[in-house]
There are 4 protein chains.
Amino acid sequence: MQTPEKSKRGRPRDANARKNILAAAAALLDEGGIGAVTMEAIAARAGVGKPTIYREWPNAQAVAMTAFLETAEPAPQGPRARSPLEALRRQLRKVAGVFATRAGRNTAMMIAAAQNDSELAKVFRNHFILKSREEGRTLLAAAIAARELRKDIDVETALDLIYAPLYFRLLIGHGPLDAAFTDGLLELALKGLAARRSA
Amino acid sequence: MQTPEKSKRGRPRDANARKNILAAAAALLDEGGIGAVTMEAIAARAGVGKPTIYREWPNAQAVAMTAFLETAEPAPQGPRARSPLEALRRQLRKVAGVFATRAGRNTAMMIAAAQNDSELAKVFRNHFILKSREEGRTLLAAAIAARELRKDIDVETALDLIYAPLYFRLLIGHGPLDAAFTDGLLELALKGLAARRSA
Amino acid sequence: MQTPEKSKRGRPRDANARKNILAAAAALLDEGGIGAVTMEAIAARAGVGKPTIYREWPNAQAVAMTAFLETAEPAPQGPRARSPLEALRRQLRKVAGVFATRAGRNTAMMIAAAQNDSELAKVFRNHFILKSREEGRTLLAAAIAARELRKDIDVETALDLIYAPLYFRLLIGHGPLDAAFTDGLLELALKGLAARRSA
Amino acid sequence: MQTPEKSKRGRPRDANARKNILAAAAALLDEGGIGAVTMEAIAARAGVGKPTIYREWPNAQAVAMTAFLETAEPAPQGPRARSPLEALRRQLRKVAGVFATRAGRNTAMMIAAAQNDSELAKVFRNHFILKSREEGRTLLAAAIAARELRKDIDVETALDLIYAPLYFRLLIGHGPLDAAFTDGLLELALKGLAARRSA
DNA sequence: ATCTAAGCGAGACGGTACGTCACGTCTTGGG
DNA sequence: CCCAAGACGTGACGTACCGTCTCGCTTAGAT
């Protein structure tokens, strides 16, 4: 939280320990899910004392969250798209692709973990969701600028409209989460559900 | 799930015990969240032995899930709407209203619990999500029949488009979940994001 | 306890059940020691309901005790000995031999079980110890009559003097329990420890 | 048992906890017998967590055994006897006296407990029986040196001859366990059972 | 160069909940 | 009216982690 006074006396934190802890937590998360990420297991695996972990994190899920966030590398940019809308389509496909991997399961587990810990929820929102929405917001803005999207839309609502279904399928698993879905979803969102009155 | 063989021998299950267990679980869930729903606490509160609980459920979260599902009473039907679209708008408002209550928190917690237990996930999907979607599907079909919606839409995708944002906000909490949101959301979904080319 | 009036109504006791119960208890005792003789296990193995067992015995150890007592068949008489003392020597050897088998372990376990249940202790004393002592008493009486033993000895004390060491070694296991031991023991008991003053 | 490697790392065992655990076990043993010595009860009474007990003992009876052994204080030495034989007589009376108290019941229960746990049996034998026999061995040696006992006797057998009857009566309860018994027992053991042939 | 405060690993501490086992009782339908 | 089957409330089992607390040992800035 704060590091203002920099007491500076005594042995400094061991940067290596932090790295080992997060690596252990990430490995445990991948191997056995959030339930396998226990303080005991992290400490044992990282070759670290439990107090060393508690010095920096309040509980095991917080370590898992940090490990998750530091592992979730920014997606590599694909080839330039020929239009903003095309870029948006590709972005949705990419997200669906990630959600289909272990990273997707981890994301779901982090959302789950956040339900029981408001501090965790805040961290997840600020470091994962907001970042992801920022990307989407940029894409939408570009599409609006290119007159591919209506300029009067509420961007926040539009973001939910487009991205929420991906998270929903990730979390509920009631339907496939593939390119066919994201393409259909985007098309529907673009055209709208309403019947054309004129005609 | 199934009761095919009807062994019928021996003392039958005590229906009262089951009721007490679910009541206890529901109370604990409301009071302290999913973390408070432990087998020990349920057993103590219900005046029931732990083995009695284990006879019917494999773990505490499964009890919580059953309690949640049996508690989630079917929403009372509001006054007749003047049109299918109006009915859909009201339905979305109602869901948002429920999500703003403790029932919403419980729903979020059940979704979270389901992330770590595929059996639980299946139960939740079949008994809560599918039911809820069925309602939505009916509303959409009526609106299509009334020519208020395009008749070529993929209903499953449309359902995700409309309902997922509510779940998303419930779970992430990155924005309000009120009538203004649902109304805007519905409007956007109806009109679509795309700029009108002709004009 | 009582069967005087012969009510005769309803289904009569199943004599086969009792036999099965005792056989099951004996088998469990032999296989896993007294700890394996549980009501559940007996009932399951005997194909009998627990209440049927409780109707006749107050707890599992009581069943084990009955099974033990009914299993402990009277030792087959060996060839006639040429003297009462010789018969006594053979008898001690035989007891030591039995104590070295599973029956010995069972005996030890019954003595142990009796320590925590005075009713059990009484049954064991009356049906096992007293019977065994009666045999010994007969042998001693014969030896006295044959003037091989002093006629002024207190028989009860003499019985303890001769037999107790066998039980002691059975229970404590601090030394061998073989013919060499019983022979030496008997010789020592006969001659006495005291130094001969005259001489 | 052994403390060879002296790992020395980490927080050392809490001597106070150990003391409390043994005190609680001893109290429970006295109050309700071996059956009352449960891990739960010990932990609750000692104000200690169960794992702390399991760190040092494998089960409740092992705790009871340790408590028993540490409670069984060395008997206070009585006034000097005028002869080794007299000392032996007094020692037997003293043992009988102890056996008549709660300590005697506890001893019986420990012997019982040892029947179902060979590790427990070994501990009991090494720390209780062997110690007690050492005392007896010393007394016999002195009596032999004083020419009150024959010098050709096998001491181990003689010890069993003298002491086993006390344990036998303690465990079976078929007869009194008082000074009259021990005196008669000793006299019989000294003089022997055999009729004098000469004279 | 020494002091000394803080971090380090290890691991024991008092706890809570776990999921299982057996207890002894009760309640079914069937013989 | 007894039988088998089996559910009931109870309570102890032994285990896994929790989050805290000593330990003895670095480590490195301040003296």
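No experiment lies behind these values; they were computed from the predicted model shown. Letters A, B, ... mirror the listed sequences (proteins, then strands); counts begin at 1.
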Gap between atoms CD1 and C1', on B/I53 and E/dC18 respectively (whole Å): 12 Å
Any N/O donor-acceptor pair, B/R11 side-chain to E/dC26 base, under 3.5 Å: yes
Heavy-atom pair of closest approach, residues D/A67 and D/A26: CB-N, 3.9 Å
Spacing between D/R45 atom CZ and E/dG14 atom P, to the nearest angstrom: 17 Å
Length of the line joining C/R18:CZ and F/dC3:C1', which is rounded to integer Å: 17 Å
Side chain D/K50 and base F/dG14 donor-acceptor under 3.5 Å: yes
Position toward the 5' end of DNA chain E (nearest nucleotide), C/A60 or A/A17: A/A17
Spacing between A/M39 atom CE and F/dG19 atom C1', to the nearest angstrom: 8 Å
C/E56 CD - E/dG24 P separation (whole Å): 16 Å
Value rounded to 0.5 Å, distance of CE in B/M65 from CG in B/L22: 13.0 Å
Nearest-nucleotide comparison on DNA chain F, the residue closer to the 5′ end among B/P12 and D/A41: B/P12
Residue-phosphate contact under 4.0 Å: B/T38 side-chain N/O, E/dT16 OP1/OP2: no
Minimum heavy-atom distance between A/I34 and A/A64, given as atom pair plus value: CD1-CB, 3.8 Å
Touch class at under 4.0 angstrom, heavy-atom based, for D/R55 against every strand present: base
Contact nearer the 5' end of DNA chain E, comparing C/P51 with A/T52: A/T52
D/E31 and D/R45 ion-paired at < 4.0 Å: yes
Salt-bridge contact C/E70-C/R18 (side-chain N to carboxylate O under 4.0 Å): yes
Between P of F/dC17 and CH2 of A/W57, the distance in whole Å: 20 Å
Nearest-nucleotide pick for A/E40, side chain only, options being E/dT25, E/dG19, F/dC17: F/dC17
Whole-Å distance separating the CD1 atom of B/I42 from the P atom of F/dC8: 15 Å
For atom CG of C/N16 and atom P of F/dC2, their distance in whole Å: 18 Å
